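Written below as structure tokens is the structure these notes are about.
Below, chains carry the letters A, B, ... as their sequence lines are ordered, and counting in each starts from 1. Small disclaimer: the values here were computed from a predicted structure and weren't measured. Worth knowing before you read on, the calculation uses all heavy atoms, side chains too, and leaves out hydrogens, waters and symmetry mates.
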Amino acid sequence: MSALQLYNSLTRKKEVFTPIDPDHVRLYACGPTVYNYAHIGNARMAVVFDLLARVLRTQYAKVTYASNITDVDDKIMAASEETGASINEITEKYTKIYNDDMAALGCALPDIQPKATAHIGDMIKIIEDLIARDHAYASDGHVLFHVPSFEKYGGLSGRSRDEQIAGARVEVASYKKDPADFVLWKPSSDNEPGWESPWGYGRPGWHIECSAMSAVHLGLPFDIHGGGADLKFPHHENEIAQSCCASGSEDDLSGFAKVWVHNGFVTVEGEKMSKSLGNVQLAHDLAQKYPGPVLRLALLSAQYSKPLDWTEQRIGEAGKLYEKLQRALADDGDASGAPDAALVEALCDDLNTPLAFVRLNELLKDAGRAPGVLRASLDLLGVVVVPAEAAAVESDPAIDALVAERSAAKADKNFARADEIRDQLAAQGIEIIDTPDGAQWKRV
RNA sequence: GGCGCGGUGGCAGAGUGGCUAUGCAGCGGAUUGCAAAUCCGUGUACACCGGUUCGACUCCGGUCCGUGCCUCCA
């Protein structure tokens with residue numbers, strides 16, 4: 001069996017993955033803030049870590065994959081004010097939509113999907129620990145992490161505290177001892193969501209939730225922590241600071257999580273997705289328009305850590321691959337088999353999905369002989385191939401009549417008439433496909 | 001400005017110190033009455049300039065260009 005190698009952002013090297021406990025591999029990935037539909041970038045993260053969990057499961061008997069739902073956040077509050085819907089209505093609605101949409105993309109539900117609001121007590125506990133260890137202080141209703149108290153701060157992103165301040169875009173607030181200090185807890189007004197705490201009524205800062213949920217559900221240190229590349233700083237840097245300092249691991253940045261995996265950014269037709277450009281591609285919309293497996297194939301068509309440009313052409317190519325798979329697996333048949341060794345090997349090499357797809361194409365040519373291997377390989381990739389529906393899903397008396405007339409002409413060897421009808425329908429965007437079971441047609 | 005990442009054939013996208021993937025598109029052919037599908041064949045591409053080397057797309061240095069983060073962000 002090939003050894004799994006992963007690029008570790010913390011060490012900046014590709015490393016052979018060695019679990020802390022081979023009997024139980026633990027993976028955490030930062031999940032979405034549920035205030036809106038997930039976009040294709042969120043979907044990439046979900047697909048990448050779903051795949052990583054699947055690959056891990058081929059090698060280890062027990063794998064726990066946790067990915068959180070952030071359900072307390074200022075953006076959610078803003079959405080609530082805007083729409084008049086309650087916070088709960090919003091978070092419940094978009095959590096369900098997120099899970100449904102990711103399921104369409106072939107993502108299994110994480111083993112644990114903790115919600116921030118269910119872990120406020122755990123967060124308060126960590127904050128208290130940090131205060132007790134002189135890494136945090138209360139000030140003006142806020143509690144802040146004191147960055148200068150953690151010498152190794154910045155080790156993940158390669159950014160020193162001074163450099164962070166040099167950017168001069170960090171919020172300089174009167175209650176901060178140091179401009180780099182970040183919020184662990186902040187006060188809420190009466191009409192804002194909040195919880196009672198030793199520092200008064202308030203709510204947690206953004207970073208603390210992941211420190212709390214990962215520790216509670218996985219224990220420290222755990223094996224792999226993942227998320228989008230943009231989370232590296234400040235989110236993951238701050239998670240490390242909180243978790244290492246609260247757990248007495250100030251000297252070892254890997255005292256929180258051993259391996260850090262970051263997936264690359266998604267652009268759309270060469271441009272950054274943004275509301276102002278109006279080019280945000282929602283997973284929900286895409287899933288209405290294309291089969292989920294096609295989207296998954298498209299998302300995996302570049303290696304996870306590389307940037308991915310989301311284009312019509314890419315979806316089109318994924319669509320063609322999917323159609324080939326559908327044809328190859330049209331007959332139920334041998335469902336047994338293990339995933340192809342070369343494909344597994346490609347995935348074990350830092351999830352090299354493009355290389356795995358090369359193998360997939362070879363398997364496709366051999367599908368007649370070894371459909372079981374192809375099925376098992378697709379299973380591992382999380383690509384669920386659903387047989388194509390019989391072509392003519394719609395019915396149109398005029399077209400059906402012409403198709404029937406053409407079939408009759410063919411039977412009479414009147415090919416001139418048959419071709420005439422083909423051309424006529426083609427002009428209307430109708431394609432006739434002859435099959436052993438008769439002619440079918442579809443709009444193209 | 002600081003910290004990163006990357007520049008590979010028409011497009012996408014792996015990879016390797018020497019044998020130069022793969023997919024899509026294109027072209028040629030087989031097959032099919034014609035199509036579709038399928039199959040076969042076909043492209044010495046690795047930003048630029050130096051260096052190391054018997055040999056570099058691959059290692060080192062520099063240049064140019066693109067891009068991400070540094071503020072909420074997957």
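- To the nearest whole angstrom, the two C1' atoms, one in B:U44 and one in B:G4, are 34 Å apart.
- Rounded to an integer number of Å, the gap from CG of A:Leu300 to C1' of B:A12 is 15 Å.
- Among the heavy atoms of the strands lying under 4.0 Å from A:Val266 is at least one base atom, whether or not backbone atoms are also near.
- Heavy-atom contacts from other residues, nucleotides or ligands closer than 6.0 Å to CD of A:Glu151 number 12 or fewer.
- Looking at which nucleotide of RNA chain B each of A:Arg314 and A:Lys320 is closest to, the 5′-most match is held by A:Arg314.
- By the criterion of a centre-to-centre distance under 5.5 Å and near-parallel planes under 30°, the ring of A:Phe265 forms no stack with the base of B:G68.
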Summarise how protein sits on nucleotides 29-41 of chain B as a single string, 5' to 3': B when a protein heavy atom is under 4.0 Å from the base, S for sugar-phosphate-only contact, - for no contact.
-> ----BBBSSSS--
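- Taking a cutoff of 4.0 Å between a charged side-chain nitrogen and a carboxylate oxygen, A:Arg359 and A:Asp340 qualify as a salt bridge.
- Remark: the separation of the P atoms in B:C59 and B:C40 is 34 Å, to the nearest Å.
- Contacts of A:Gly264 with the nucleic acid, taken as non-hydrogen atoms under 4.0 Å apart, include base atoms.
- Residue contacts for A:Ser301: at a heavy-atom cut-off of 4.0 Å it reaches the sugar-phosphate backbone alone, with no base atom in range.
- Note: CG (A:Leu308) to P (B:U67) measures 17 Å, nearest angstrom.
- Between A:His225 and A:Trp260, the ring planes are parallel. Angles under 30° get that label, and only those over 60° would be called perpendicular.
- Aromatic ring orientation, A:His262 versus A:His236: tilted (interplanar angle from 30° to 60°).
- When each of B:C72, B:A74, B:C24 is scored by its nearest atom to the side-chain atoms of A:Met45, the top-ranked nucleotide is B:A74.
- Look at CG on A:Leu321: it is 12 Å from P on B:A25, rounded to the nearest Å.
- Residue pairs that meet the ring-ring contact (aromatic ring centres under 6.0 Å, His included) test with at least one member in residues 65-105 of chain A, sequence neighbours left out, are A:Tyr37-A:Tyr94.
- Helical stems of RNA chain B (runs of at least 3 Watson-Crick or G-U pairs, donor-acceptor distances under 3.5 Å) are listed by first residue: B:1-7 with B:64-70, B:10-12 with B:22-24, B:26-30 with B:38-42, B:47-51 with B:59-63.
- Rounded to whole Å, the distance from NZ on A:Lys232 to C1' on B:C69 is 9 Å.
- A salt bridge links A:Arg417 with A:Glu405: at least one charged nitrogen is closer than 4.0 Å to a carboxylate oxygen.
- Rounded to whole Å, the P atom of B:G10 lies 23 Å from the corresponding atom of B:G6.
- When the P atom is used for both B:G7 and B:C48, the distance is 13 Å, rounded to whole Å.
- When heavy atoms are screened at a 4.0 angstrom cut-off, A:Gly41 is found touching base atoms of the nucleic acid.
- Within a 6.0 Å radius of NZ in A:Lys365, no more than 12 heavy atoms belonging to other residues, nucleotides or ligands are found.
- In this structure, the CG atom of A:Asn238 is 13 Å from the C1' atom of B:U71, given to the nearest Å.
- Salt-bridge annotation for A:Asp419 and A:Lys410: absent, with no side-chain N of the basic residue lying under 4.0 Å from a carboxylate O of the acidic one.
- Look at the C1' atom in both B:U63 and B:C27: the space between them is 39 Å, to the nearest Å.
- At a threshold of 4.0 angstrom between heavy atoms, the contacts of A:His262 with the nucleic acid are absent.
- Atom CG in A:Asn352 sits roughly 14 Å away from atom C1' in B:G23 (whole-Å rounding).
- Using a 4.0 Å heavy-atom criterion, one finds that A:Glu362 contacts no nucleic acid atom at all.
- The residue among A:Asn361 and A:Pro32 whose nearest nucleotide of RNA chain B lies closer to the 5′ end is A:Asn361.
- Considering only side-chain N and O atoms, A:Lys272 lies nowhere under 4.0 angstrom from the phosphate OP1 or OP2 of B:G66.
- Looking at A:Lys96 and A:Asp101, no side-chain N of the basic residue comes within less than 4.0 Å of a carboxylate O on the acidic one, giving no salt bridge.
- Residues A:Lys186 and A:Asp140 are not paired through a salt bridge, judged by the lack of any N-O separation under 4.0 Å between the basic side chain and the carboxylate.
- Remark: the separation of the C1' atoms in B:G18 and B:C57 is 12 Å, to the nearest Å.
- For the residue pair A:Ala3 and A:Val16, the shortest heavy atom distance occurs at CB-CG1, 4.1 Å.
- Rounded to whole angstrom, the span from the CD atom of A:Gln303 across to the P atom of B:G6 amounts to 11 Å.
- In this structure, CG of A:Leu299 is placed 17 Å from P of B:A12, rounded to the nearest angstrom.
- The gap from the P atom of B:C11 to that of B:C46 amounts to 13 Å, rounded to the nearest Å.
- If you take atom P in B:C3 and the same atom in B:U42, they sit 49 Å apart, rounded to whole Å.
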